[in-house]
2 protein chains.
Amino acid sequence: MEESDVIRALAALAHSMRLKVFRALVVTGPAGLTPGALCEALEVAPNTLSFHLKELLHAGLVTQQRDGRNLIYRASFERMTGLLAFLTANCCQGEACLAAPACATC
Amino acid sequence: MEESDVIRALAALAHSMRLKVFRALVVTGPAGLTPGALCEALEVAPNTLSFHLKELLHAGLVTQQRDGRNLIYRASFERMTGLLAFLTANCCQGEACLAAPACATC
DNA sequence: CCATTATTTCGATTATTCTTGAATCATGGA
DNA sequence: TCCATGATTCAAGAATAATCGAAATAATGG
């Protein structure tokens, strides 16, 4: 993962609504959610949500798939783990450190 | 870790220079680095660096300690792991998922 | 106490991002 | 084909963040 990709992903997540959207998709898992469902859950206007979903999509943090007249968005776990790996890579020059596993519940 | 803290931390890291600074501190580990050393390594003006260090400090991602006429900045591994944990918490509603450990080298 | 080095703070300008409303595109059914 | 629904795009103004030069603060050694 390139540094520019990492920055794009971090910037995408560094916004209240986008973080909520991403967390909702992470919690939901492989089933994913439609924009309509997210609008209702997060009480946000469709165009505003669409803007933020596009940001997440462009950052590679979510994927988009059409299903009839709905779209299904899913969190990209591959991208997320790449991001986490970048932040901790080569920490402490290989010495023992306090970095804990990323996913406590899995 | 509160959502607002997470956003602050993500926003702090979502900037090329700040990410470089943070990575340099992560790689260096507990010894830490002075602003002067970072200035030289990253080829940045002292006041610009100071601005960004303050952002990282305010986000809790780095700590500051005075040592004579130098300041020593260190990455806060505690904060970083808290951030990583937030992003992956409750993923996939407890189902098995692909989330990998955060720190591959430690 | 003064000079020097290290680092931060201030203020103004520029650039970027967020929000909002109206318009547009895509799909499925009558 | 026409309409309704789900979702996105566009353009503007408002808010926020980044940059840079100049000045200020902090600590040490002479």
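It should be emphasised that the depicted structure is a prediction, and the values quoted were computed from it without experimental measurement. Below, each value reflects all heavy atoms present in this structure, side chains not excepted, and no hydrogens, waters or symmetry copies. Lettering of chains follows the sequences in order, A, B, ..., and the numbering in each one begins at 1.
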Please lay out, stage by stage, how A/Leu33 and A/Ile72 fare under the test side chain to side chain contact (heavy atoms under 4.5 Å, CB included).
CA-CA 5 Å; A/Leu33 292 170; A/Ile72 299 176; over 6 Å; no
Would you please confirm or rule out a distance under 4.0 Å between OP1 or OP2 of [N] and any side-chain N or O of [X]?
{"X": "B/His15", "N": "D/dT19", "result": "yes"}
{"X": "B/Arg69", "N": "C/dT4", "result": "no"}
{"X": "A/Gln64", "N": "D/dA7", "result": "no"}
{"X": "A/His52", "N": "C/dT19", "result": "yes"}
{"X": "B/Arg66", "N": "D/dA26", "result": "no"}
{"X": "B/Tyr73", "N": "C/dT8", "result": "yes"}

In whole angstrom, what separates [X]'s [atom1] from [N]'s [atom2]?
{"X": "A/Asn47", "N": "C/dA22", "atom1": "CG", "atom2": "P", "value": "11 Å"}
{"X": "A/Gln65", "N": "D/dG6", "atom1": "CD", "atom2": "C1'", "value": "16 Å"}
{"X": "A/Leu71", "N": "C/dG28", "atom1": "CG", "atom2": "C1'", "value": "14 Å"}
{"X": "A/Leu53", "N": "D/dG6", "atom1": "CG", "atom2": "C1'", "value": "13 Å"}
{"X": "A/Leu42", "N": "D/dA7", "atom1": "CG", "atom2": "P", "value": "14 Å"}
{"X": "A/Asp67", "N": "C/dG28", "atom1": "CG", "atom2": "C1'", "value": "12 Å"}
{"X": "B/His58", "N": "D/dA18", "atom1": "NE2", "atom2": "C1'", "value": "17 Å"}
{"X": "B/Met17", "N": "D/dA17", "atom1": "CE", "atom2": "C1'", "value": "14 Å"}

Nearest-0.5 Å distance that lies between atom CZ in A/Arg74 and atom CG in A/Leu25:
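Result: 10.0 Å between the selected atoms.
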Tell me, with the steps shown, if B/Leu13 and B/Leu56 meet side chain to side chain contact (heavy atoms under 4.5 Å, CB included).
CA-CA 8 Å; B/Leu13 292 174; B/Leu56 289 168; 4.3 Å; yes
Look at A/Lys20 together with B/Glu3 and state whether they make a salt bridge at an N to O cut-off of under 4.0 Å.
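Result for this pair is yes, salt bridge flagged.
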Toward the 5' end of DNA chain C, by each residue's nearest nucleotide, A/Arg18 or B/Pro35
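Counting from the 5' end, the first nearest nucleotide belongs to B/Pro35.
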Quick check on the hydrophobic clustering: are A/Phe51 and A/Leu57 connected, directly or via other members, by side-chain heavy-atom contacts under 4.5 Å?
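No, A/Phe51 does not connect to A/Leu57 through the hydrophobic network.
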Nearest listed nucleotide, side chain of B/Phe51, among D/dA18, C/dT7, C/dC18:
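The listed nucleotide nearest to B/Phe51's side chain is D/dA18.
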